[in-house]
Novice: 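Attaching a single structure in structure tokens format; questions to follow.
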Amino acid sequence: ALGVNAERALGQVGRHREIGQRQFLDQQGVEVFLQPCIDLVAAQLVESADPVQAGGTLTYDFVLINVGDSPTTLDPTPTSGEPLAFFDVFGNFAFVSRTSSNPAVTCLTNPATSPGANLLSDCFGNLLAGEGVTITITVTPAVAGTISATGTGDPVLLIDEFLETNNTASEATTIDP
């Protein structure tokens, strides 16, 4: 977000560059250009409970938000090889369901998934500036041990982001007998 003086300056200048830059005057009257900014943030990865009984239900919610002022521009076609996110679950479990809160983001099972050992989800689509998605995966733990989940935004680094180090969230859950 722009500061108060920048917002006032934008109102005074009122012009935009064709290449997508925003132009305004700073406090000294110097013309300043802002580049469009995309920043995907793995805001949270939350488990439904910890510990969970084997045979019970375990749900993970992965929240990914574009906190930048510009939309992502990936090819949303699942065969494009341009995933917006990976959401992977590891451990001994049976897959129950996977949903996306945003109709613009679709998740598919990666062919490298090994049922009973992992679920690799490739999620395709785009997020507008300020828009987010919650991807929910529900599993049934099979045995005592640990199940872990990791969500990553821009997993193959196709987006030129403001900050690349805030794209991943992880969670481990204890499974009781």
Side-chain angles (χ1 to χ4, degrees), residues 37-68 70-177:
C37 173
I38 299 169
D39 190 14
L40 294 178
V41 174
Q44 63 182 1
L45 197 158
V46 179
E47 60 201 345
S48 57
D50 190 358
V52 174
Q53 294 295 125
T57 300
L58 174 59
T59 301
Y60 289 106
D61 290 318
F62 172 51
V63 179
L64 182 66
I65 302 170
N66 178 3
V67 299
S70 297
T72 61
T73 56
L74 297 169
D75 181 344
T77 310
T79 57
S80 70
E82 296 186 13
L84 175 69
F86 288 165
F87 187 17
D88 304 329
V89 181
F90 300 93
N92 192 341
F93 60 84
F95 172 63
V96 176
S97 66
R98 176 183 48 225
T99 60
S100 167
S101 67
N102 185 329
V105 178
T106 303
C107 297
L108 304 171
T109 301
N110 183 297
T113 290
S114 230
N118 64 40
L119 173 65
L120 308 177
S121 300
D122 299 348
C123 303
F124 297 88
N126 285 294
L127 295 175
L128 300 174
E131 187 176 41
V133 61
T134 299
I135 303 163
T136 301
I137 293 179
T138 301
V139 299
T140 301
V143 297
T146 301
I147 294 179
S148 63
T150 301
T152 305
D154 189 25
V156 292
L157 303 177
L158 296 174
I159 299 171
D160 185 21
E161 291 187 69
F162 175 74
L163 185 62
E164 296 283 352
T165 59
N166 58 359
N167 291 5
T168 301
S170 298
E171 190 67 58
T173 307
T174 301
I175 309 304
D176 288 340

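Remember, it's a predicted structure, so these values are computed and weren't measured experimentally. Side chains included, hydrogens not; waters and symmetry mates left out as well; all remaining heavy atoms used.
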Novice: Once you round to the nearest 0.5 Å, how far does CD1 of Ile175 lie from CG of Leu58?
Specialist: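 Here the interatomic distance stands at 5.5 Å.
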Novice: Using every non-hydrogen atom in the two residues, find where Ser80 and Asp75 come nearest and quote the distance to one decimal.
Specialist: OG-O, 3.0 Å
Novice: Might you confirm whether atom CZ of Phe90 has over 12 heavy atoms from other residues, nucleotides or ligands at distances under 6.0 Å?
Specialist: yes
Novice: State, with a plain yes or no, whether a side-chain heavy atom of Val133 is found less than 4.5 Å away from one of Ser100.
Specialist: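 Sidechains of Ser100 and Val133: in contact.
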Novice: Taking the side chain as every heavy atom from C-beta outward, state whether Ile38 and Asn66 have any atom pair closer than 4.5 Å.
Specialist: yes
Novice: Do Gln53 side-chain atoms and Pro177 backbone N/O form a donor-acceptor pair below 3.5 Å?
Specialist: yes
Novice: Leu40 and Glu161: which non-hydrogen atoms are nearest, and at how many Å?
Specialist: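 Residues Leu40 and Glu161, closest heavy atoms: N-OE1, 2.6 Å.
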Novice: Test Thr136 against Tyr60 for side-chain contact (heavy atoms from CB on, under 4.5 Å), laying out the working first.
Specialist: CA-CA 6 Å; Thr136 301; Tyr60 289 106; over 6 Å; no
Novice: I need the Asn102 CG to Thr99 OG1 distance, nearest 0.5 Å.
Specialist: 11.5 Å
Novice: Nearest 0.5 Å please: distance from the CG atom of Asn110 over to the OG atom of Ser121.
Specialist: 8.5 Å
Novice: Would Val89 and Ile147 count as a side-chain contact (heavy atoms from CB on, under 4.5 Å) if you check the C-alpha gap in whole Å, the side-chain angles of each, and the deciding distance to 0.1 Å?
Specialist: CA-CA 7 Å; Val89 181; Ile147 294 179; 3.6 Å; yes
Novice: Which heavy atom of Pro83 sits nearest to which heavy atom of Val156, and what is that distance?
Specialist: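 The answer is CD-CG2, 3.9 Å.
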Novice: For a side-chain contact (heavy atoms from CB on, under 4.5 Å) check, start with the C-alpha distance between Ile135 and Leu64, then their side-chain angles and the critical distance, and finish with the verdict.
Specialist: CA-CA 8 Å; Ile135 303 163; Leu64 182 66; 5.9 Å; no
Novice: Whether the side chain of Asp154 engages the backbone of Ile159 through a donor-acceptor N/O pair (distance < 3.5 Å, no angle test) should be reported.
Specialist: yes
Novice: Using a distance-only test with no angle check, is there a side-chain donor-acceptor pair under 3.5 angstrom linking Thr152 and Asn167?
Specialist: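 Note: Thr152 and Asn167 side chains miss the donor-acceptor criterion.
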Novice: Ignoring hydrogens and angles, tell me if any N or O in the side chain of Thr173 forms a donor-acceptor pair with the backbone of Asp50 under 3.5 Å.
Specialist: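 It does not hold such a pair.
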Novice: For residues Phe93 and Leu119, report the shortest heavy-atom separation together with the two atoms involved.
Specialist: CZ-N, 3.7 Å
Novice: Grab the two heavy atoms, one from Ser70 and one from Ala129, that are nearest each other, plus how far apart they are.
Specialist: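 Smallest heavy-atom distance, with atoms named: N-CB, 3.6 Å.
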Novice: Please check if the number of heavy atoms outside Asp160 that lie under 6.0 Å from its CG is greater than 12.
Specialist: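 No, CG of Asp160 has 12 or fewer neighbouring heavy atoms, counting only those of other groups under 6.0 Å.
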Novice: In terms of ring plane angle, is the pair Phe62 and Phe87 parallel, tilted or perpendicular, where the classes change at 30° and 60°?
Specialist: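 Ring orientation, 0 to 90° scale: tilted.
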Novice: Could you tell me the separation between the CZ atom of Phe86 and the OG1 atom of Thr150, rounded to the nearest 0.5 Å?
Specialist: 12.0 Å
Novice: For Leu84 and Thr72: C-alpha separation, side-chain torsions, deciding distance, then whether side-chain contact (heavy atoms from CB on, under 4.5 Å) applies.
Specialist: CA-CA 9 Å; Leu84 175 69; Thr72 61; 4.3 Å; yes
Novice: Measuring from atom CG of Asp61 to atom CD of Glu47, what distance do you get when rounded to the nearest 0.5 angstrom?
Specialist: 11.0 Å
Novice: Kindly compute the distance separating OG1 (Thr73) from CD (Glu82), expressed to the nearest 0.5 Å.
Specialist: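 One gets 8.5 Å once the value is rounded to the nearest 0.5 Å.
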